[in-house]
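Naming: A, B, ... by sequence-line order, numbering from 1 per chain.
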Amino acid sequence: MKNNANRVIFHIDVNSAYLSWAASDRLQHGETLDIREIPSAVGGDPVSRHGIILAKSIPAKKFKIQTGETLYAALQKCPDLFIVSPQYDLYMRCSNALVSLLKEYTPDIQRFSVDECFLDFTGMENLYQDYLKLAYEIKDRIKKELGFTVSIGISNNKLLAKVASDIKKPDAFITLFPHEIKDKMWPLPVEDLFMVGRATLPKLHNLNIFTIGDLANYDLKLLKGKLKSHGVMIWNYANGIENSEVRKSNHINMKGIGNSTTIPFDVDNREEAHKVILSLCETVGMRLRNSQNCCSLVEVHFRTNEFYNCGRQRKIYYYTDSTKKISETAYELFDELWNGEPLRHIGVRVSELCTNDFCQVTLFEEKDNAKNSAIDKVVDSIRMKFGSKAIIRGTFLNSGIKPLMGGVEEDDYQIMTSIL
DNA sequence: TCTGGGGTCCTAGGACCC
DNA sequence: TCTGGGGTCCTAGGACCC
């Protein structure tokens, strides 16, 4: 923990990231229409049951288009809404380009999500005398060199910097230091506070808390009684109290790896479900090995066609990174959990990770293990060299199920944390 | 042909041990 | 037959984030 008083933290947030990135990519490919300037959105394909809005332009906001709503609902509100498909590899490239530019300014960068970073400039007064000038330079360089805009929030802790970057956008920077909390943060609706979501909001409204200021000035003991530790946390946030480090994200503090998918059709037989699970495990296993980790907890979850969600997890008493081991455990869990309902979504996740240096295996499995590991290694290297489609399991031929589901990212980095 | 996918953390209950 | 309490581990489910 550091004394906050002298810290300088930037939070950088790409404005409507997916949409901006799609827009600048289109312009670079010779299109003349800038979709940021018309009602537009990034959305999945309803035919394959991925039909939700992932990002929207500022003009689309005027039609009350919301992230997460169905394309169907969005088109009701705005029939002329211009919709583009998501391109996850593009987002990753843009995100990487952003981070490399930011690294020219400080090595202390925490990648908080694909489109958000924290930068720590503490103790760099000699290099940057004027942080406002610095923010201005960074935002303008990104705009000029990368073709999209960002918002920058500046404060002495991450929470305030993050709230700040949300206040003024697009293409802006703003400070939110402790002495500015009262004027700049307290008037905001309480749902603008980090960690106040769908479930907390009605509870706060019941307590007559509507603004961040209401929350900040509420009796802490009362709040703790109603909302437990979460209440204490958001009360601290409302008062600008937060002192976590800007920590470089890497696979050492990664907690788990998951892969899930909504299948274009309902899966209603065990064999097919197992194929989907195997396909998901291929990606999970590869990412696990890529990050040089082993896991000892496997979880399977699914969503029925009636949107009932459930999951099952099991601790395995050894560490593994073998696709075969993970998928076998996943099959077991699935078979125990599934009652035959038609499924629209299936997921696999592994956690309880440790580095694979001293991967402990049970003695009698030693031989089997070596064989699995050898197979995984060969398959990984072929896919690395020739692409993920270069080698697939015979099981998937003519099955209608993709042999590797989910994104396979070249660059392994921690996606998101729910804590700062 | 309405409803994605990737994460982290917290809580509560039951099993089990001393 | 009745009576405890504390600690840890495991699992399920929910909340939050982008």
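Nearest to the side chain of A:Ile52, among B:dT3, B:dG7, C:dC17, sits B:dT3. Residue A:Ser113 has its side chain nearest to C:dC18 when only B:dT1, C:dC16, C:dC18 are considered.
A:Tyr136 OH: 12 or fewer foreign heavy atoms inside a 6.0 Å radius. Within 6.0 Å of NZ on A:Lys103 lie no more than 12 heavy atoms contributed by other residues, nucleotides or ligands.
One side chain, A:Asn15 or A:Ser151, offers a donor N or O that lies under 3.5 Å from an acceptor on the other. Counted by atom type alone, A:Ser244 and A:Glu242 present one or more donor-acceptor pairs between their side chains at under 3.5 Å. Side-chain N/O atoms of A:Asn157 and A:Ser155 include no donor and acceptor closer than 3.5 Å. A donor atom on one side chain and an acceptor atom on the other are found under 3.5 Å apart for A:Asn309 and A:Arg303. For A:Asn4 and A:Arg7, the side-chain atoms include at least one donor-acceptor pair closer than 3.5 Å. With 3.5 Å as the limit, one finds a donor-acceptor pair spanning the side chains of A:Thr67 and A:Lys56.
Residue A:Thr200 is classed as a sugar-phosphate contact, given heavy-atom separations below 4.0 Å to backbone atoms only. Counting any heavy atom pair closer than 4.0 Å across all strands shown, A:Ala73 reaches no nucleic acid atom. Nucleic acid contact class of A:Gly68 (heavy atoms, under 4.0 Å, all strands): none. At the heavy-atom level, A:Leu54 lies under 4.0 Å from base atoms of the strands shown. Among the heavy atoms of the strands lying under 4.0 Å from A:Gly258 are primed sugar atoms or P, OP1, OP2 only; no base atom is included. Within the 4.0 angstrom heavy-atom criterion, no nucleotide atom of any strand lies near A:Ser48. Note on A:Glu116: only backbone sugar-phosphate atoms sit closer than 4.0 angstrom, heavy atoms only; bases stay farther off.
Ring centers of A:Tyr91 and A:Tyr88: under 6.0 Å apart, within the cut-off.
We find that NZ of A:Lys56 is positioned 12 Å from C1' of C:dC18, with the value rounded to whole Å. Rounded to whole angstrom, the span from the CD atom of A:Glu191 across to the P atom of C:dA15 amounts to 17 Å. Between A:Arg349 atom CZ and B:dG5 atom C1' the separation is 11 Å, expressed in whole Å. A:His50 places its NE2 atom 14 Å from the C1' atom of B:dC2, with the value rounded to the nearest Å. Rounding to whole angstrom units, NZ of residue A:Lys255 and C1' of B:dG6 are separated by 16 Å. If you measure from atom CE of A:Met195 to atom P of C:dC16, you get 8 Å, rounded to the nearest angstrom. Atom pair A:Gln110:CD and C:dC18:C1' shows a separation of 13 Å (rounding to whole Å applied). A:Asp45 places its CG atom 12 Å from the P atom of B:dG4, with the value rounded to the nearest Å.
Mapping A:Gly51 and A:His230 onto DNA chain B by nearest heavy atom places A:Gly51 at the nucleotide closer to the 5' end. Closest-nucleotide positions on DNA chain B for A:Lys228 and A:Thr262 were compared, and the one nearer the 5' end corresponds to A:Thr262.
Contact check, A:Arg198 against C:dA15: no side-chain N or O comes under 4.0 Å of OP1 or OP2. Checking the phosphate oxygens (OP1, OP2) of C:dA15, no side-chain nitrogen or oxygen of A:Lys203 falls inside 4.0 Å. OP1 and OP2 of B:dT3 both lie 4.0 Å or more from every side-chain N or O belonging to A:Arg303. Contact between the side-chain N/O atoms of A:Arg344 and the OP1/OP2 oxygens of B:dG4 is found at a separation under 4.0 Å.
A:Lys158 forms a cation-pi arrangement with A:Phe118, by the criterion of a distance under 6.0 Å to the ring centre and an angle within 45° of the ring axis.
With both ends at atom P, the span from C:dC18 to B:dT3 equals 23 Å, rounded to whole Å.
For DNA chain B, each stem of at least three Watson-Crick or G-U pairs (distances under 3.5 Å) is given as range with range: B:5-18 with C:5-18.
Here A:Phe307 packs flat against the base of B:dT3; its ring centre is closer than 5.5 angstrom to the base's six-membered ring, tilted by less than 30 degrees.
Among A:Glu299, A:Glu336, A:Glu352, the single residue meeting the salt bridge (charged side-chain N to carboxylate O under 4.0 Å, His left out) criterion with A:Arg314 is A:Glu336.
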List, with names and distances, any nitrogen or oxygen atoms from the protein found under 3.5 Å away from nitrogen or oxygen atoms belonging to nucleotides 9-13 of chain C.
unit_1 : atom_1 : unit_2   : atom_2 : d
C:dC10 : OP1    : A:Tyr317 : OH     : 3.4
C:dT11 : OP2    : A:Lys315 : N      : 2.9
C:dA12 : OP1    : A:Arg312 : NH1    : 3.0
C:dA12 : OP2    : A:Gln313 : N      : 2.7
C:dA12 : OP2    : A:Gln313 : O      : 3.4

